[in-house]
*Asks:* 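Take a look at the following structure, please.
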Amino acid sequence: MGASALMRTDEVVRIDFLVHKIPPSAANVLDNLIRPLLVIFALVFMVYWGWKLLPFSQVRFTPALKIPYIYIYAAVPVSGMFMLYHQLKHLYSFFASRNKED
């Protein structure tokens, strides 16, 4: 869930050595080429595989509180959906601003 909050404000930790070495317009394009990769990661790994993990956690309970692990593991696909939403919102604003420039 924390990663989703950081993606909303575009404050995720990333290696930006290359971004500082190229012109700002090229850095903006490079940044927005990486966003679809984040969308694929959020959709495939976090949402799909997180959803597939849930049935295995229904029968397990935490030792002290006897809470089903499904509530804990449900954070993975939910967080993936939030990450997907924020990245798609950033991509939309990028393409909307590019259309206004043309």
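Model, not experiment: these values are computed from the prediction.
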*Asks:* Are the side chains of Ser79 and Phe82 in touch, meaning some heavy atoms are under 4.5 Å apart?
*Replies:* no
*Asks:* Would Val44 end up clustered with Met83 when hydrophobic side chains under 4.5 Å apart are linked, directly or stepwise?
*Replies:* yes
*Asks:* Cut-off 3.5 Å, no hydrogens considered: what does the side-chain donor-acceptor table look like for residues 53-67, sequence neighbours left out?
*Replies:*
unit_1	atom_1	unit_2	atom_2	d
Ser57	OG	Leu54	O	2.8
Thr62	OG1	Lys66	N	3.3
Thr62	OG1	Ile67	N	3.0
Thr62	OG1	Ile67	O	3.4
Lys66	NZ	Pro63	O	3.0

*Asks:* Do Trp51 and Ile70 land in one hydrophobic cluster if side-chain heavy atoms of ILVMFWY residues count as linked below 4.5 Å?
*Replies:* yes
*Asks:* Considering non-hydrogen atoms only, spot the tightest contact between Pro36 and Leu91 and give its length.
*Replies:* CD-CD2, 4.1 Å
*Asks:* Sequence neighbours left out, what passes side-chain contact (heavy atoms from CB on, under 4.5 Å) with Val47? Give chain and number order.
*Replies:* Met81
*Asks:* Can you list everything that forms a side-chain contact (heavy atoms from CB on, under 4.5 Å) with Tyr85? Sequence neighbours excluded, please.
*Replies:* Lys89
*Asks:* I need the single residue from Ile34, Val39, Leu43 that forms a side-chain contact (heavy atoms from CB on, under 4.5 Å) with Gln87. Which is it?
*Replies:* Val39
*Asks:* Classify the ring geometry between Tyr69 and Tyr73 as parallel (under 30°), tilted (30 to 60°) or perpendicular (over 60°).
*Replies:* parallel
*Asks:* Cluster question for you: counting only ILVMFWY and a side-chain heavy-atom cut-off of under 4.5 Å, with indirect links fine, are Tyr71 and Val76 together?
*Replies:* no
